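Basis for what follows: all heavy atoms, side chains included, without hydrogens, waters or symmetry-related copies. Quick caveat: nothing in here was measured; it's all calculated off a predicted structure.
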Amino acid sequence: MSEIKITLPDGSVKHFEAGTSALQVAQSISEGLARNIIAAKVNGKVVDATLPILTDADLVLLKWEDQDGKRTFWHSSAHLLAEALEALYPGVKLGIGPAVETGFYYDVDFGDQKFTSEDFGKLENKMLELARTNSAYVRKEVSKAEAIQYFTEKGDEYKLELIEDLNDGEITFYSQGNFTDLCRGPHIPTTGFIKAIKITSLAGAYWRGNEKNKQLTRIYGVTFPKKSELDEYMVILEEAKRRDHRKIGKELELFTFSEKVGMGLPLWLPKGARLRECLVQFLQKAQVAAGYQPVITPHIGNKNLYITSGHYEKYGEDSFQPIKTPREGEEFFLKPMNCPHHCEIYKASPKSYKDLPVRYAEFGTVYRYEQAGELHGLTRVRGFTQDDAHLFVRPDQVKEEFCKVIDLVLYVFKSLDFKDYTAQISLRDPNNKTKYIGSDENWALAESAIIESAAEKGLNTVIELGEAAFYGPKLDFMVKDAIGRKWQLGTIQVDYNLPERFELEYTGSDNLKHRPVMIHRAPFGSLERFVAVLIEHCAGNFPLWLTPEQVIILPISEKYQEYAENLLNVLKKHDIRALIDDRSEKTGKKIRDAEMKKLPLMLIVGEKEQAENTVSVRKQGGEDLGSMSVESLVSWINKEIETQLN
RNA sequence: GCCGUUGUAGCUCAGGGGUAGAGCACUUCCUUGGUAAGGAAGAGGCCAAGGGUUCAAAUCCCUUCAAUGGCUCCA
């Protein structure tokens, strides 16, 4: 037997016989470790922990805690789901069953049999029962002919269709218990690892995502190696439901929708509008400081504008259709993006290299025809306002400007308490350059500018090749909210296309015409989406500087109404958003209602406060700040806001 | 757009072939109270819209609209 060298992540090298599996390597370290190993990464490829390793290799032992470990675990759970389904519903046909971000699903064709959410419990129990048999997942290489024969006998046309596309010699089956599936793997060693199971939802899904194909039933589930982890997961699900921006938006009277106005067209209520105004002012201030110039453009634009920009060709059919002038028959589109308008602003006057960079900013409302089924609360709407800006820069300025935009985005995140974020850099596919426009030099410049800027700013980045837009590379920010969900917010994109199409120019120091580079950026993305994410992030407890109502005055009785009104005037003079609860209710009731409305500061005023000319301050949640003069309250608030924003 | 589910008062929801119910919110009255729900009375609904079945429809059926969970899409 020959010997192989296994290199572990800590750099240590161990010698084993060829054919040793990752699991055996783990066992050689400790039994306890081996018990937790669910898969392995051999030379960067995720494989079964039981797969014999034949050559020298870098080995990473994967546990539940590893992302690849989870995926393997969930993929194996999908097989367990399929096994349970076959046991409970003989004759079901199986489509595909992959792992997803959280959990897994299996697409199945129940034929004439019915499956509803009431059957979830039954299915979970069956899966648990099968999991407890602790059956091994067994890998078997099969020929294409064997594979076809197996599934022909089984009568599963979906699997047969999948096999069609596979090459002979690279087909494998995995079996556990009485179930065999076509699968590339890898899998966990045995079903016994799966200790807790939850079938989460049911949905229709077309075979291979094509609506011309038959619709299958997609069963979603999630599994865990410990019961306690499932419990935690259920708590987070509940929490997510509690934080749903649609629910909180209604409760806090921030926004609404009306069938009459139209689907996907949000109506901002007074409190929501105030919150939005605060966000706009906040960003506007930061942008002015960063050298942006506000511009304003109309909500519609001539069809020719979008023909020039190329958007008509690409999206014309899928847009709200043009409106026509009654006499001339000219066609105008609702503005689906601000960039072409800004290009025309750039062109309004000749530019010198000394003028650049030029930064035009606009909170521009745009309208896009999103498919009815796509609409969702404020995160996916048909009319929304982008915190848009376009920077027209010289090629040599791309990096510096990019850095400044990153600074701005990070400032926004910090001010809104998004502490956990990553950046995705999308570059062009180096093997398929024809898909993209712009010269190689410019791409090289832009791509290295993005990479270097991100590195300089210490961003935690992921690089995705081939994910760039056809007109340029980009950087997207993904933030994690308070309960760990990821959202894509800000985006920064470099664009060579529009300057070309609009023939934008500036005169260089050489007195020749040059083409500027355009940077699109939106730290919020859109105000609608950002507010939605923010609501879910803070569960409606907005930072003091942003919250629509900062202070509520609660007079103990009507006798102190006048005193309360005087206080209100003082607060308003200091630009503090305040109101009085003058209902004929007891203090306890008023406090409860203020708590429900998530009002950060309550001022209780009665005989004592009136006599001493003070207010008693209660923070939301119950903390007592004691009594103080209204002036010291104002300075307390201002200090608080200053800390939040710096 | 496609498939499933849902649509009853401002909100959260119950009911269900014989022409509507609760709690909260709202209005009025009593109460003038000190840190998370005081009491009473009142008002409020074409039961999403349209069409069918029926002696009778909010209830059953069909269509449409909208919301919702997915799929496909996202400049």
Side-chain angles (χ1 to χ4, degrees), chain A residues 100 105 107 114-117 200-220 244 246-247 250-253 256-264 306 309-316 318-319 333 335-340 366-377 379-382 384 386 388 469-471 474 488 491 493 495 497-498 520 522 525-526 529 554-561 583-597 599 602-609 616-627:
Chain A
V100 291
Y105 67 80
D107 283 345
K114 280 226 170 81
F115 182 79
T116 70
S117 52
T200 49
S201 69
L202 201 57
Y206 297 103
W207 170 237
R208 305 195 129 183
N210 185 335
E211 62 181 74
K212 293 197 179 68
N213 287 340
K214 179 157 189 196
Q215 186 155 34
L216 306 179
T217 306
R218 177 166 296 180
I219 303 175
Y220 284 91
D244 191 315
R246 294 167 301 181
K247 181 169 171 280
K250 202 181 268 183
E251 285 166 359
L252 300 186
E253 299 174 298
T256 190
F257 290 89
S258 147
E259 280 189 31
K260 275 210 179 103
V261 172
M263 62 167 89
Y306 305 109
S309 72
H311 291 107
Y312 178 75
E313 195 191 348
K314 213 163 172 206
Y315 299 104
D318 294 321
S319 296
F333 273 96
K335 175 166 78 176
M337 79 290 298
N338 303 298
C339 345
V366 298
Y367 300 90
R368 294 178 183 178
Y369 173 77
E370 303 288 358
Q371 294 184 64
E374 309 311 320
L375 302 173
H376 178 92
T379 57
R380 200 72 186 276
V381 288
R382 283 179 166 175
F384 58 96
Q386 296 179 311
D388 214 354
F470 74 94
Y471 50 76
K474 61 179 180 171
Q488 195 206 312
T491 177
Q493 309 182 355
D495 184 356
N497 179 41
L498 286 182
H520 307 242
S526 83
R529 192 180 155 75
L554 310 178
I556 297 278
S557 87
E558 280 160 23
K559 283 186 261 176
Y560 315 106
Q561 178 68 13
R583 293 174 305 164
S584 167
E585 294 289 354
K586 290 194 176 173
T587 311
K589 169 79 165 165
K590 292 185 182 183
I591 286 173
R592 179 183 154 80
D593 289 348
E595 288 281 350
M596 302 296 278
K597 286 196 219 156
L599 266 135
M602 297 164 220
L603 309 186
I604 290 110
V605 295
E607 191 177 356
K608 174 169 158 279
E609 288 75 14
S616 288
V617 186
R618 176 195 159 108
K619 269 171 86 170
Q620 196 215 343
E623 191 188 335
D624 189 355
L625 296 188
S627 62

*Asks:* Using Watson-Crick or G-U wobble geometry with both distances below 3.5 Å, tell me the partner of B/A25, or none.
*Replies:*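 Matched B/A25 with nothing under the 3.5 Å cut-off.
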*Asks:* So, is A/Tyr220 near the phosphate of B/C71, with a side-chain N or O under 4.0 Å from OP1 or OP2?
*Replies:*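 A/Tyr220 to B/C71 OP1/OP2: side-chain N or O found under 4.0 Å.
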*Asks:* Are the side chains of A/Asp495 and A/Gln493 in touch, meaning some heavy atoms are under 4.5 Å apart?
*Replies:*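 No, too far: nothing below the 4.5 Å cut-off.
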*Asks:* I'd like to know if A/Glu609 reaches the base of B/G34 with its side chain such that a donor and an acceptor end up less than 3.5 angstrom apart.
*Replies:*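 Result: at least one qualifying N/O pair found.
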*Asks:* Both distances below 3.5 Å, Watson-Crick or wobble geometry, any strand: find the nucleotide opposite B/C71.
*Replies:*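 Pairing partner: B/G1.
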*Asks:* Go through the N and O atoms of the side chain of A/Arg380 and the base of B/C73, and report whether any donor-acceptor pair is under 3.5 Å.
*Replies:*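 When only heavy-atom distances are counted, A/Arg380 does reach the base of B/C73 through a donor-acceptor pair under 3.5 Å.
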*Asks:* Ignoring hydrogens and angles, answer whether the base of B/U31 and the side-chain atoms of A/Ser584 contain a donor-acceptor pair closer than 3.5 Å.
*Replies:*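 Checked by distance alone, the answer is yes.
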*Asks:* With the side chain counted from C-beta on, respond yes when A/His376 and A/Glu370 share a heavy-atom pair under 4.5 Å apart, and no when they do not.
*Replies:*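 No, their side chains stay 4.5 Å or more apart.
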*Asks:* Heavy-atom distance under 4.5 Å between the side chains of A/Pro340 and A/His311, does that happen here?
*Replies:*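 The answer is yes; the side chains approach within 4.5 Å.
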*Asks:* B/A36 pairs with which nucleotide, Watson-Crick or G-U wobble, both distances below 3.5 Å?
*Replies:*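 Pair assignment: B/A36 / none.
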*Asks:* Can A/Ser616 and A/Glu609 be counted as having a side-chain donor-acceptor contact under 3.5 angstrom?
*Replies:*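 A/Glu609 and A/Ser616 do have a side-chain donor-acceptor pair below 3.5 Å.
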*Asks:* Does the B/A36 base have a donor-acceptor partner in the side chain of A/Glu595 within less than 3.5 Å?
*Replies:*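 When only heavy-atom distances are counted, A/Glu595 does reach the base of B/A36 through a donor-acceptor pair under 3.5 Å.
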*Asks:* Tell me which nucleotide among B/U32, B/G1, B/C26 gets nearest to the side chain of A/Arg583.
*Replies:*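 Taking heavy atoms from C-beta onward, the closest nucleotide is B/C26.
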*Asks:* Starting the side chain at C-beta, find the nucleotide from B/A36, B/U72, B/C26 nearest to A/Gln371.
*Replies:*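 For the A/Gln371 side chain, the nearest candidate turns out to be B/U72.
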*Asks:* Please name the residue in the list A/Ile591, A/Leu625, A/Leu603 that meets the side-chain contact (heavy atoms from CB on, under 4.5 Å) test with A/Arg618.
*Replies:*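 The residue from A/Ile591, A/Leu625, A/Leu603 that satisfies side-chain contact (heavy atoms from CB on, under 4.5 Å) with A/Arg618 turns out to be A/Ile591.
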*Asks:* Return the nucleotide paired to B/C46: Watson-Crick means purine N1 to pyrimidine N3 with N6-O4 or O6-N4, wobble means G-U with N1-O2 and O6-N3, both under 3.5 Å.
*Replies:*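 B/C46 is unpaired by these criteria.
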*Asks:* With respect to the phosphate group of B/A25, does any side-chain polar atom (N or O) of A/Lys589 fall under 4.0 Å of OP1 or OP2?
*Replies:*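 Yes, within the criterion.
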*Asks:* Output the rounded distance in Å from NZ (A/Lys247) to P (B/U12).
*Replies:*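 So the NZ-P distance, A/Lys247 to B/U12, works out to 10 Å.
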*Asks:* Can you tell me how far P of B/G4 sits from OH of A/Tyr105, to the nearest Å?
*Replies:*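 My rounded result for the distance is 20 Å.
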*Asks:* If only side-chain N and O atoms of A/Arg246 are considered, is one of them under 4.0 Å from the OP1 or OP2 phosphate oxygen of B/U68?
*Replies:*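 Result: yes.
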*Asks:* Rounded off to whole Å, could you give me the CZ-to-C1' distance for the A/Arg218 and B/C71 pair?
*Replies:*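 To the nearest whole Å, that distance equals 7 Å.
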*Asks:* Across all strands shown, which nucleotide pairs with B/U6 by Watson-Crick or G-U wobble geometry, both distances under 3.5 Å?
*Replies:*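 B/A66 - that is the nucleotide pairing with B/U6, both distances being under 3.5 Å.
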*Asks:* So, does the side chain of A/Gln488 form a donor-acceptor pair with the base of B/C74 at under 3.5 Å?
*Replies:*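 Result: no qualifying N/O pair found.
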*Asks:* In terms of side-chain heavy atoms of A/Met337, which of B/G33, B/A75, B/C73 is nearest?
*Replies:*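 My answer, after comparing the listed nucleotides, is B/A75.
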*Asks:* Nearest to the side chain of A/Glu585 - B/G34, B/A75, B/G38?
*Replies:*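 Between B/G34, B/A75, B/G38, the one nearest the side chain of A/Glu585 would be B/G38.
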*Asks:* On the nucleotide B/U12, are OP1 or OP2 found under 4.0 Å from the side-chain N or O atoms that A/Lys250 carries?
*Replies:*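 Checking B/U12 against A/Lys250, a side-chain N or O does come within under 4.0 Å of OP1 or OP2.
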*Asks:* Is any side-chain N or O of A/Arg618 closer than 4.0 Å to OP1 or OP2 of B/G34?
*Replies:*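 Looking at the OP1 and OP2 atoms of B/G34, neither is under 4.0 Å from any side-chain N or O of A/Arg618.
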*Asks:* Looking only at side-chain N and O atoms, does A/His376 come under 4.0 Å of OP1 or OP2 in B/A67?
*Replies:*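 Answer no for this pair, as no side-chain N or O of A/His376 is under 4.0 Å from OP1 or OP2.
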*Asks:* Does some side-chain heavy atom of A/His520 sit less than 4.5 Å from a side-chain heavy atom of A/Lys474?
*Replies:*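 They are not in contact (no side-chain heavy atoms under 4.5 Å apart), so the answer is no.
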*Asks:* Now, which nucleotide makes the Watson-Crick or G-U wobble pair with B/A56, with each of the two distances under 3.5 Å?
*Replies:*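 Because no pair has both required distances under 3.5 Å, B/A56 counts as unpaired.
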